[in-house]
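Numbers for residues simply follow the sequence, beginning at 1.
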Amino acid sequence: MTAKPTIPLDTAHWNARLAELAARHSVPGAGLGIWHQGLQIEAAAGLANAGARIEATNDTLWQIGSVTKVWTATAAMGLVDEGALTLDGPLIDVMPELRLADEHLTRHVTLRHLLSHTSGIDGDFFPDAGRGDDCLERYAELLADQPACHPLGATMSYCNAGYTLIGRVMERVTGIPWDALMRDRLFRPLGLTHTATLPDDVLRHRAATGHYGDPPQVVAQWAMARSTGPTGLICSTTADVLAFVRLHLDGGSAGNGTRLLSPDSVRAMQTPQVELPGPYPAGRAWGLGWALDEWDGLAMYGHDGSTIGQNAYLRVLPEADLAICLFANGGKTGALYTELFREITEELAGVSMPPPLLPAEGRFGADPADVTGVYERSSTRIEVVEQDGGLLLHHRFTGILASLAEQPETELRLRPMAPGIFVARRPEGGSWMPVAFFTLPDGSRFVHHAGRATPKVS
């Protein structure tokens with residue numbers, strides 16, 4: 001299909017809709033940015049901090065969480081353009097001290113594996129490696145004891161650790177700490193005045209804090225350890241995030257004409273590298289940094305982010321020249337995203353978002369023994385059991401994640417959607433989430449849930 005002709009952006013309308021929908025979904029505060037065919041608006045609603053009664057404004061800095069990964073990927077691809085890095089050369093060539101779970105992984109993992117989440121490194125690894133400029137170096141040393149959750153390149157499993165390692169690789173080839181590297185290679189060339197990675201810089205501005213519970217309460221911990229920077233510590237405004245997106249819409253050139261990324265690298269980032277084992281809300285495939293999908297016949301790339309009580313959503317429809325970002329700090333953020341983005345894409349581009357996942361009627365004749373059992377990796381334990389004629393999934397975070405999650409343990413009843421694929425939703429309601437079971441050629445079994453592949457251990 002072709003994109004719908006331009007409809008002028010109505011700032012007052014989207015300000016009102018953001019406020020109305022945020023209140024409906026118990027979201028304390030939210031920021032919205034829309035770019036459409038040369039026009040841009042920003043909107044804000046509610047409170048950046050409900051405890052201190054600090055109003056959310058267009059200048060509020062939000063934690064964009066894992067949307068940071070696309071920024072890290074962009075900077076890494078710039079180094080590929082310059083010849084400092086290659087996509088398919090072993091990382092050990094530029095980082096000879098690298099030690100991972102086993103010798104094969106150590107000697108053969110590449111930047112492409114890390115960018116596309118196919119390295120197999122067990123990714124939800126969040127130790128505090130200190131606050132100094134050496135934190136990524138220290139983090140990388142700890143990866144020697146972090147197990148692999150699947151063989152190198154065998155499937156996709158969302159990997160935070162891999163992006164922190166990318167940050168360290170970039171430091172290794174440039175000699176510049178990741179935080180300074182991002183300022184030098186992206187923030188300043190793009191003219192971003194309200195984007196930062198360190199709390200010292202964020203606190204010069206109005207900053208949002210996360211909230212848990214109903215009614216929402218300010219979280220006890222504002223941000224994660226500095227060593228998670230390349231995977232999720234950028235704080236920014238809607239305007240600055242849209243300026244970053246336009247770098248990708250414009251083929252790698254900043255608004256002032258400065259080229260930061262080659263057109264080939266922009267295209268490579270938006271080219272599928274791996275299909276996901278099952279449906280996933282952010283996309284059906286992964287590129288080099290971007291999650292990829294198709295909305296109503298149009299290509300879509302984007303990314304989500306989640307920190308401690310804050311969530312971020314970014315979607316780009318390049319053929320419609322439409323980009324939307326949403327930041328929210330508690331409440332039913334997923335429901336706000338779905339309702340608001342559906343309205344925006346329909347009204348501005350005549351594009352329908354993919355329909356929500358729903359369970360199918362009936363069964364598929366699968367033997368419960370094929371999926372029941374225990375699945376485990378370093379941060380997560382999943383047990384699937386038969387109960388009352390159906391299947392129940394018990395999900396438990398372990399280690400550091402257990403202390404950071406709003407709900408460390410959840411029980412989800414699985415409903416069939418397709419052979420090997422189920423959907424589930426939390427007892428309090430919300431959207432259906434995919435749960436896919438699959439077997440690799442070597443016979444090892446996995447469950448793919450929340451973008452992660454977790455191996456069956458018993």
**Message:** Taking the side chain as everything from C-beta on, heavy atoms only, tell me whether Ile234 gets closer than 4.5 Å to Val67.
**Reply:** no

**Asked** Would Glu376 and Thr454 count as having a side-chain donor-acceptor pair, cut-off 3.5 Å?
**Response** no

**Request:** Would you please indicate yes or no on a ring centroid separation below 6.0 angstrom for Tyr163 and His117?
**Result:** yes

**Message:** I want to know whether His303 and Trp71 have ring centres closer than 6.0 Å.
**Reply:** no

**Prompt:** How close do Val27 and Ala328 get, heavy atom to heavy atom, and via which atoms?
**Reply:** CG1-CB, 3.7 Å

**Asked** Does the side chain of Cys235 reach to within under 4.5 Å of the side chain of Ile64, using non-hydrogen atoms?
**Response** no

**Message:** Can a side-chain donor-acceptor contact be found between Arg315 and Tyr301 if the only test is distance below 3.5 angstrom?
**Reply:** no

**Prompt:** With under 30° as parallel and over 60° as perpendicular, where do the rings of Phe446 and Phe438 fit, or are they tilted in between?
**Reply:** parallel

**Ring-ring centroid check Tyr139 Phe125, cutoff 6.0 Å** = yes

**Complete:** What one should report as the nearest heavy-atom pair of Asp122 and Ser378 is OD2-N, 2.7 Å

**Message:** Any non-hydrogen side-chain atom of Leu414 less than 4.5 Å from a side-chain atom of Val423?
**Reply:** no

**Request:** Over all heavy atoms of both residues, which pair between Gly309 and Val219 is shortest? Give the atoms and the distance, please.
**Result:** CA-CG1, 4.3 Å

**Prompt:** Between Trp178 and Thr197, is any pair of side-chain heavy atoms under 4.5 Å apart?
**Reply:** yes

**Prompt:** Are the aromatic rings of Phe397 and His395 close, with centres under 6.0 Å apart?
**Reply:** yes

**Item:** Nearest heavy atoms of His449 and Pro434, plus distance in Å
**Value:** ND1-O, 3.5 Å

**Message:** Arg168: which residues meet the salt bridge (charged side-chain N to carboxylate O under 4.0 Å, His left out) condition with it, sequence neighbours left out?
**Reply:** Glu171

**Prompt:** Would one find more than 12 heavy atoms of other residues, nucleotides or ligands at under 6.0 Å from atom CZ of Arg415?
**Reply:** no

**Message:** Restricting to non-hydrogen atoms, name the atom on Ile121 and the atom on Cys149 that form the minimum distance, rounded to 0.1 Å.
**Reply:** O-SG, 4.2 Å

